[in-house]
Amino acid sequence: MGRKGTIIVICLFFCVLEICNNVEAKTPGQKEWTILYYYNADNNMWRKFYQIIEQLKHLEISDNINVVVQQDGPLVGDGMRRCLKHSAAGEDLGVVYEQGVEYDMGTETTLAAFVKWGLDNFPAKRTILVVNGHGAGIVNFSTVGSFLNSPVNSLASSIDDTSGSYFSDKKLRKELKQVLGNRKLDLFVYNSCYMGGIEVVHELSQIAEYAVASEDHIILVKGNMSQREEVNKGIGIPVHLLPTFIDNDLEVSTEEVAKFLVKEYERSYNSFTSTVEQLQYTLAAYDLSKTSKVSFLYNEMIEEFNQLSSIDPTHYSNFYREFLSLPKLQVIGYLDLGFVAKAVYNSSSLNSAADLIKYLYSGDFIIDKTIINSENNLAGISIFIPYDFYFYLDKNLTDGINEYFDISWISNSHKS
């Protein structure tokens with residue numbers, strides 16, 4: 001081949017290379033964003049969840065995003081999968097894909113199947129998963145429902161009253177990991193109470209880039225649920241605002257989307273004044289890529305504290321006094337992780353405890369938070385302390401505790 005031919009081949013090669021670099025690897029029909037809403041309304045909150053879905057149904061949604069819903073209510077066969085879309089003129093352009101189905105919304109396989117279906121049929125550059133349902137953290141208090149005046153047999157997340165099932169966050173992580181493969185969700189929103197714990201976040205860090213959750217409870221209603229004027233004031237995390245916010249700026253970062261939910265939550269609830277509303281409630285956004293550093297700092301603190309206390313046991317008794325004085329969250333056994341670290345520091349003066357405290361409040365891991373109706377400067381993430389649970393239950397070991405010790409956060413941390 002002559003010199004001229006060689007130059008042409010080289011030019012063609014670099015032209016093809018440039019084209020390949022400029023063409024995004026995306027599935028045909030891929031949009032900028034897909035928002036997957038998983039509404040478990042098969043419980044006593046069905047009216048509220050249905051109301052939020054109605055708000056979503058009437059949003060103007062452009063062709064740049066997908067808004068997909070799987071819902072199931074308290075009646076048998078009232079489950080539905082659909083894509084929501086309305087024109088600027090209010091024309092309903094949505095599509096129903098399944099209806100008259102009874103989903104078991106409390107099983108991880110049901111959620112995983114929905115996510116897979118959503119990813120396969122509504123591909124996008126970035127994906128948000130919103131899980132709506134009851135929640136109470138990582139632990140299944142399977143034997144203490146009557147003690148906590150709960151009508152259900154468990155306080156784990158996404159309780160389905162028809163089947164009695166609920167999520168195990170360890171199983172949830174495994175199921176979604178299998179569906180997602182090497183990719184991660186861009187944002188996981190837990191619109192459920194008490195899911196903002198280090199144990200939950202540790203599981204989510206393997207399947208998502210960012211998360212939004214509360215270490216405390218999320219008030220969905222104000223007063224009597226049957227009174228429309230009361231119900232309208234309690235919306236939980238304002239996840240129904242996501243489509244409009246994202247549609248207005250498709251290039252917005254996932255971090256800013258997470259912070260938007262925290263800011264809107266604070267705006268919605270901070271003006272409440274009645275007795276019911278004076279309860280403490282919180283919301284935080286987490287950069288899940290920083291979870292491993294929190295785990296490292298926590299383990300370092302506990303290891304050094306145990307070593308110090310083995311030499312001088314008074315550090316244990318000092319910590320115990322500090323521990324008893326900590327403000328408790330609403331569910332037995334949950335404490336703010338920042339406060340636990342402060343209790344360790346106050347009883348030991350360890351630099352490792354100070355390092356953990358500094359990091360939790362740095363804004364690097366917990367990128368935004370709001371603490372409403374409380375003077376306590378909570379870090380924004382909880383930890384479950386089994387001793388507190390034993391104390392209230394006369395130290396009766398339950399299946400829930402066994403389940404707790406089996407989760408990956410504990411297996412990778414210092415149990416003591």
Side-chain angles (χ1 to χ4, degrees), residues 137-139 194 196-203 205 215-216 282 284 286-329 331-366 369 371 374-397 400-416:
I138 199 75
V139 183
Y194 303 103
I198 185 60
E199 303 90 348
V200 177
V201 168
H202 184 77
E203 302 294 335
S205 68
E215 68 172 326
D216 213 296
T282 73
Y286 313 98
D287 180 346
L288 298 178
S289 68
K290 309 297 175 58
T291 306
S292 58
K293 183 168 183 179
V294 177
S295 300
F296 172 80
L297 293 173
Y298 171 83
N299 281 329
E300 187 176 51
M301 177 188 74
I302 297 301
E303 185 174 3
E304 290 185 7
F305 181 75
N306 285 337
Q307 290 174 353
L308 181 66
S309 299
S310 65
I311 299 171
D312 183 0
T314 59
H315 291 291
Y316 275 130
S317 57
N318 290 339
F319 170 76
Y320 182 65
R321 283 194 293 271
E322 291 281 339
F323 171 80
L324 290 179
S325 67
L326 294 178
K328 306 294 191 297
L329 299 176
V331 168
I332 292 170
Y334 292 110
L335 296 166
D336 184 79
L337 179 57
F339 281 19
V340 172
K342 289 177 182 178
V344 173
Y345 179 79
N346 290 340
S347 55
S348 65
S349 299
L350 285 172
N351 289 334
S352 56
D355 289 342
L356 177 57
I357 296 167
K358 182 179 179 181
Y359 193 66
L360 289 174
Y361 287 89
S362 69
D364 197 22
F365 166 57
I366 302 172
K369 67 179 179 181
I371 313 296
S374 175
E375 296 179 356
N376 296 317
N377 184 23
L378 303 171
I381 191 165
S382 69
I383 185 171
F384 180 70
I385 305 293
Y387 179 81
D388 198 36
F389 181 82
Y390 296 147
F391 176 79
Y392 282 98
L393 297 179
D394 297 323
K395 301 185 180 180
N396 290 324
L397 190 66
I401 298 299
N402 289 330
E403 182 177 296
Y404 176 75
F405 279 116
D406 188 46
I407 64 174
S408 52
W409 162 260
I410 290 299
S411 62
N412 295 330
S413 302
H414 292 279
K415 296 180 182 178
S416 54

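Each residue takes its place number in the sequence, starting with 1.
- How far CD of Glu215 is from CD1 of Ile198: 11.0 Å, rounded to the nearest 0.5 Å.
- In terms of heavy-atom proximity, Tyr316 sits nearest to Ser309 at CE1-CB, 3.3 Å.
- A distance of 12.0 Å separates CD of Gln307 from OG of Ser348, quoted to the nearest 0.5 Å.
- By the side chain to side chain contact (heavy atoms under 4.5 Å, CB included) test, Ser317 pairs with Thr314, Arg321, sequence neighbours left out.
- Across all non-hydrogen atoms, the minimal contact from Asn376 to Pro327 is ND2-CB, 3.7 Å.
- Partners of Glu203 by salt bridge (Lys or Arg N to Asp or Glu O under 4.0 Å), not counting sequence neighbours, listed by chain and number: Arg173.
- One distance of note links CD1 of Ile385 with CG of Leu335; it measures 5.5 Å at 0.5 Å rounding.
- When all heavy atoms of Asp336 and Ile381 are compared, the pair lying nearest together is OD1-O, 3.4 Å.
- Within the model, atoms OG of Ser382 and CG of Asp216 stand 9.0 Å from one another, a figure rounded to the nearest 0.5 Å.
- Considering CD1 of Ile366 and CG of Leu337, their distance stands at 7.5 Å, rounded to 0.5 Å.
- Taking all atoms of both residues into account, the shortest heavy-atom contact from Ala284 to Gly380 is CB-O, 3.6 Å.
- Residues meeting the side chain to side chain contact (heavy atoms under 4.5 Å, CB included) test with Leu297, sequence neighbours left out: Lys293, Glu300, Asp355, Leu356, Tyr359.
- Ser347 contributes a side-chain N or O that, together with a main-chain N or O of Val344, makes up a donor-acceptor pair within less than 3.5 Å.
- Evaluation of the side chain to side chain contact (heavy atoms under 4.5 Å, CB included) rule for Asn377 yields Tyr361, Lys369 as partners, not counting sequence neighbours.
- In terms of heavy atoms, Met301 sits closest to Leu350 at O-CD1, 4.2 Å.
- Every ring pair (Phe, Tyr, Trp, His ring centres under 6.0 Å) that Phe365 has, sequence neighbours left out, goes to Tyr286.
- Looking at Leu308 and Asp312, their side chains never come closer than 4.5 Å, going by heavy atoms from C-beta outward.
- Residues satisfying the side-chain hydrogen bond (donor to acceptor under 3.5 Å, both in side chains) criterion with Ser352, sequence neighbours excluded, are Glu304.
- The salt bridge (Lys or Arg N to Asp or Glu O under 4.0 Å) check on Lys290 picks up Asp287, Asp364, with sequence neighbours excluded.
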**Request:** Check step by step if side chain to side chain contact (heavy atoms under 4.5 Å, CB included) holds for Phe339 and Lys342.
**Result:** CA-CA 5 Å; Phe339 281 19; Lys342 289 177 182 178; 4.0 Å; yes
**Asked** Between Phe305 and His315, is a side chain to side chain contact (heavy atoms under 4.5 Å, CB included) present by the stated rule, with each step listed?
**Response** CA-CA 8 Å; Phe305 181 75; His315 291 291; 4.2 Å; yes
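- Residues forming a side-chain hydrogen bond (donor to acceptor under 3.5 Å, both in side chains) with Ser205 (at least two apart in sequence, or on another chain): none.
- The minimum heavy-atom distance linking Ala379 with Leu360 is given by the pair CB-CB, 4.2 Å.
- No donor-acceptor pair closer than 3.5 Å links the side chain of Glu322 to the backbone N or O of Asn346.
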